[in-house]
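What follows is one structure encoded as structure tokens, with my remarks underneath.
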Protein chains: 4
Amino acid sequence: MSGNSFGERFIVTTFGESHGDGIGGIIDGCPAGLTLDMDLIASELAKRRGTDEPYTTGRKEPDEIEWLSGILDGKTLGTPIAFLIRNRDVRSEDYEGLKDWMRAGHADYTYQAKYGIRDWRGGGRASGRETAARVVTGAIARQILSNEGITITSQALMPENMKEGESYGGEVVCHIEGVKAGVGEPVFHKLNASLAYAMMSIPSAISYETGLGKEGCALPGSQWVDQWQERGEGRELTVTNHCGGIQGGISNGMPIEFRVGFHAPATQRETQCRNEKGEVRTITIEGRHDRCHIQRAAAVVEAMAALTLINFAR
Amino acid sequence: MSGNSFGERFIVTTFGESHGDGIGGIIDGCPAGLTLDMDLIASELAKRRGTDEPYTTGRKEPDEIEWLSGILDGKTLGTPIAFLIRNRDVRSEDYEGLKDWMRAGHADYTYQAKYGIRDWRGGGRASGRETAARVVTGAIARQILSNEGITITSQALMPENMKEGESYGGEVVCHIEGVKAGVGEPVFHKLNASLAYAMMSIPSAISYETGLGKEGCALPGSQWVDQWQERGEGRELTVTNHCGGIQGGISNGMPIEFRVGFHAPATQRETQCRNEKGEVRTITIEGRHDRCHIQRAAAVVEAMAALTLINFAR
Amino acid sequence: MSGNSFGERFIVTTFGESHGDGIGGIIDGCPAGLTLDMDLIASELAKRRGTDEPYTTGRKEPDEIEWLSGILDGKTLGTPIAFLIRNRDVRSEDYEGLKDWMRAGHADYTYQAKYGIRDWRGGGRASGRETAARVVTGAIARQILSNEGITITSQALMPENMKEGESYGGEVVCHIEGVKAGVGEPVFHKLNASLAYAMMSIPSAISYETGLGKEGCALPGSQWVDQWQERGEGRELTVTNHCGGIQGGISNGMPIEFRVGFHAPATQRETQCRNEKGEVRTITIEGRHDRCHIQRAAAVVEAMAALTLINFAR
Amino acid sequence: MSGNSFGERFIVTTFGESHGDGIGGIIDGCPAGLTLDMDLIASELAKRRGTDEPYTTGRKEPDEIEWLSGILDGKTLGTPIAFLIRNRDVRSEDYEGLKDWMRAGHADYTYQAKYGIRDWRGGGRASGRETAARVVTGAIARQILSNEGITITSQALMPENMKEGESYGGEVVCHIEGVKAGVGEPVFHKLNASLAYAMMSIPSAISYETGLGKEGCALPGSQWVDQWQERGEGRELTVTNHCGGIQGGISNGMPIEFRVGFHAPATQRETQCRNEKGEVRTITIEGRHDRCHIQRAAAVVEAMAALTLINFAR
């Protein structure tokens, strides 16, 4: 399977490095005749980019999308929708000192090991920058799902008492309403397995829990089981929703709920680095560093949830 | 994507219902010329089946494997390896009373919603019985990985003070040694995303954590980052291994570590059920019920880890 | 892509060697609630097996199908349908002399080159025997298509004046009625490209032509173009059907027509063989040899046409 | 499967309409560390574009490629290579009169049927314009294959005595040297099936023949079989090469040979058209029309052969 594609029906393939010419992608399988909601796409991108508050990214990009194909007179043609977001606010010179040095806590070492070459400019392909392409395509998926009555929301829990000069992780809780019973596949391609795959593909994600999640492992069976409501249907089917709306990998009509944990951004002003010889030293990095990316992560979680759902037959 | 297939190189497709004629599968992509280690396969199956201790399954099946193709004079031919395990200890009559009643906490309702029909005999396709096919194919994958110096082990944490008549979940911690740096794909098909997909496809799995996992979400960045060892390599690369051996979705040569949480078995002697009209009643189920399946789950976790790894190019 | 699977929605995976325990397959993606037409499956298998006429195969197999999963009380469950046809009329001893000798005109040499090992018993996996699994699964696809008003027929052109002791190839012309306009995908996954892939995967197939086919290459454009019928629709859309019902890779509602050419069976009583050292000698083969397989091929052509069509969204 | 992607290892996804902003694509799976041969890419594009001779296309495009990602300091990074070719010589106004009229012999009708909308500007996605993206990606595949000793050549047979105002089809014969024995997959994913799929996906392709092709259908078996050379190997393995270097779907080391037939370009100055109501009339089309595209087709045949081969494991 391609590392850079997601889905089998609404297929998203993305490209681009953090400090290259730009990032973008192709959607193959978007329904024809759709008038894209450009405001929705822009607002999702804005959520991902963060606002002026001090603890989010210092990088300010207009994120202007150039649509290259698949749209005529504002309507989708059913053919591939390609788009490009130029990298404008690029300061590769910030990273010149890192050409021979691989940062601790980053993917520098693993990309070098895999490819024998790496883009040393700010993380290259492994940078969180690529998630902008996920958000653009996820917003289109969300628009289609919304027409079917499916809504996706999430809460990000910002840590309290953040210290100056430190970075923080956190957790995103995601709720999906409106998915009818019967969505998902048996055995391997379960709906929760697919959500886990999608979520763990987000940079910095380290845990995935469905429904009650880890807490549920400690419950005895008599307390775990979601009891039926008499004549319940949809979101009233069961008394509790410990299973997060998914049983046997297939939706039961209750709200789908899961949570995703993210580690703190690894980049810090003083970053320990090693070179190919295995020598280690600390380098001061002048580039832009997120302080807490959990609000941004929530936008990506929602985008990936939308891309996951739209790939299941309904 | 097919719900019943796993992998793109070493492709496993499984079939079978809990109380049908049998279960089995096909491996397409197994290397030619391999002498299958039948003892290893049998011992993995035995781990999955559990022993005589009181808290594991009451179902006792010989799990005799009939090899149908792909092997000549004990060696693999490179062609599809098909196998069949007959269901011998089948007592469908235990389930006759459930023809019209869907059990709380099971996949009865969701299969009915998806397919408009369901196998009411003991869970059918959604039963844990299908994991025997995962373990057979996982054992073959493990044999090949072992030849490459890769070993997979796990610990299952049995709950203390289990009460009579109650069921329990738990957690499996998995360790993989010997994976070289550079395994995994960027962006979507990350190694940890693929492991999460594999693990969350196991019946009753509800959480997946890579490395330090959820606990890591609360660490500030300065403590999260795994610092380099001077001239470290392989399993000596970094001082800590919070990231569980995976950075940017690609292995770094350190041990790969993750944990999977399972909820308690839903089946209980007195099980709340509903019918198509939405009427609810409690039914006494005489069938066999696991009390704590966490030891069995560990065998399946290891099998799925093996199937995941063997599908990445090395 | 797996060599032994076909399709993305109605996914067929087959297994088995010519003189092993049996052949069979799994269908993943068959709709639930279908009562399989066992008479249709049997009659398609009978067409493939050939009749008593002197120029078809000498191998006589009952081809009894054992259904292993996916069916309850005669109805499909939506879960994988696995089936097994035991090889009963197996006389491996006919082939003992071929253990070290690779026959000219067969796949013995290429399987040996690819896998470093081969099943020397009558062609193994490369034998036409595997097409029985195509015909079983194709018959199920045909039943579903038939419910949608799609019919598949073909004509095989037996050669005249066949000589004793000689083998012959030929051509199969296939007609499909009832496919609505709009089936197929643009650019790569064209309907005719997919049909060509399916047909050229049949043993001994050497040519594929859509519509007027090769003859059409010589026509000037003014004669090639299928002119519109005034207000024509469906099979009355155009005056001629040179394009065989497919334009730009997508069906136009006219009958779909194509032809497939097959070379003569390579097996002959006196067959030139070589061993690993490159030595050549002629061996007398006592096994069963088809004289002209074109009637049998027609059954497989129809099966593969059904499997191709059912994998396109409708 | 996506209509707009090709391959499973060296995965090409293309986009773009004939008269939109541009065409382009993404390669996912290109090896890292490769210095792209930009001269080779340019010369392949020039072959596809045709020269000044009177019987090829009137459209003159510079086909300047903008590389958007995946390359640093001239070397591939192993990450997706995205590229864009702007459509510069676009005269959509030539097609204004066709907004409501669908041309006979084109894909206008089938795209309208499939998508309910279509790009009326010169064929849109169904135009031969998209093959430029095939040629760019095919040239990169060819460069890699060339490093492995594999060469691809072809001959196009221009018709004699072409009449003014008429268009012509023809045939391309393709030869591949240097493919070792053992390439291809059994049963479905045969090397010749994959080549047939690739070739029949080229616009206007109507026939595919492997080796001796259709002519071989008439040969009795005794003449069809390629006899062994004593101690022959590679391209000296057999006396004849009727099978075109492929047996049982797997290469035998002899040259791979196949031929592809193309119908004449459908566009003519006076083109019969129909509208949604089924009314028919003849429209004079002022746009650019190929007279004989067989030389251009040869460049695309070679590109698709390269893309097919590079997707098989070696």
Side-chain angles (χ1 to χ4, degrees), chain C residues 1 3-4 6 8 104-105 107 109-110 113-114 125-126 130 166-171 181-182 185-190 192-193 196-197 200-201 206-210 213-214 216-217 219-222 224-228 230-231 247-248 250 252 261-266 268 272 274 278 280, chain D residues 1 3-4 6 8 104-105 107 109-111 113-114 125-126 130 166-171 181-182 185-190 192-193 196-197 200-201 206-210 213-214 216-217 220-222 224-228 230-231 247-248 250 252 261-266 268 272 274 278 280:
Chain C
M1 187 186 288
N4 299 284
F6 185 89
E8 299 91 38
Y109 180 86
T110 56
K114 181 176 181 65
R125 184 74 180 137
E130 61 88 2
E166 185 56 278
S167 66
Y168 296 90
E171 203 176 35
E185 294 293 333
V187 182
F188 296 114
H189 203 46
K190 292 186 159 87
N192 38 339
Y197 175 77
M200 292 303 292
S201 80
I206 52 177
S207 68
Y208 171 85
E209 300 165 89
T210 194
K214 219 181 151 173
C217 304
L219 285 187
S222 60
W224 163 262
V225 174
D226 296 308
Q227 301 293 320
W228 300 118
E230 181 92 25
R231 298 191 201 284
Q247 291 177 304
I250 299 170
N252 67 5
F262 294 87
H263 66 68
Q268 309 208 292
Q272 197 211 29
R274 64 168 272 164
V280 172
Chain D
M1 185 186 289
N4 298 283
F6 185 89
E8 299 91 38
Y109 180 85
T110 57
Y111 269 64
K114 182 177 181 64
R125 184 72 181 139
E130 62 88 0
E166 186 56 276
S167 66
Y168 296 91
E171 202 175 36
E185 296 292 333
V187 183
F188 297 115
H189 203 46
K190 291 187 161 86
N192 38 339
Y197 175 77
M200 292 304 292
S201 79
I206 52 177
S207 67
Y208 171 85
E209 299 165 273
T210 194
K214 218 179 154 173
C217 305
S222 60
W224 162 261
V225 174
D226 297 308
Q227 301 294 321
W228 301 117
E230 180 93 23
R231 300 192 197 284
Q247 291 177 305
I250 299 170
N252 66 6
F262 294 87
H263 67 68
Q268 309 207 292
Q272 195 212 30
R274 66 167 270 165
V280 172

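The model shown is predicted, which means the values in this text are computed figures rather than measured ones. In the text below, chain A, chain B and the rest are named by the order of the sequence lines, each starting its count at 1.
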Please identify, among [options], the residue contributing the most non-hydrogen atom pairs under 4.5 Å to chain D.
options                                : value
C/Ala113, C/Ser222, C/Gly248           : C/Ser222
C/Ala264, C/Ala193, C/Gly213, C/Gly182 : C/Ala193
C/Asn192, C/Asn4, C/Leu219             : C/Asn4

Measuring heavy-atom distances to chain D, does [X] have an atom under 4.5 Å in its side chain, in its backbone, in both, or in neither?
X        : answer
C/Asp226 : backbone
C/Trp228 : both
C/Ala181 : both
C/Gln272 : both
C/Phe262 : backbone
C/Gln227 : both

Which one wins on heavy-atom pair count under 4.5 Å against chain C: [options]?
options                      : answer
D/Asn252, D/Ile250, D/Val225 : D/Ile250
D/Lys190, D/His263, D/Glu230 : D/His263
D/Ala107, D/Gly221, D/Gly170 : D/Gly221
D/Ala266, D/Ser207, D/Gly261 : D/Ser207

Supply the atom-to-atom distance [X] [atom1] to [Y] [atom2], rounded to the nearest 0.5 angstrom.
X        : Y        : atom1 : atom2 : answer
C/Tyr109 : D/Gln247 : OH    : CD    : 9.5 Å
C/Cys217 : D/Tyr168 : SG    : OH    : 15.0 Å
D/Glu166 : D/Gln268 : CD    : CD    : 5.0 Å

Can you check whether [X] reaches [Y] side chain to side chain, under 4.5 Å on heavy atoms?
X        : Y        : result
D/Trp224 : C/Ser167 : no
D/Met200 : C/Met200 : no
D/Glu209 : C/Glu209 : no

Query raised in the report: Of the backbone (N, CA, C, O) and the side chain (C-beta and beyond), which part of D/Glu130 lies under 4.5 Å from a heavy atom of chain C, both, or neither?
Result: side chain
**Report entry** Part of D/Ala126 lying under 4.5 Å from any heavy atom of chain C
**Finding:** neither
Query - Minimum heavy-atom distance C/Glu171-D/Lys214, with the two atoms named - result: OE2-CE, 3.1 Å
Report task. Can you label the angle between the D/Phe6 ring and the D/Tyr197 ring as parallel, tilted or perpendicular, going by 30° and 60°? Result -> parallel
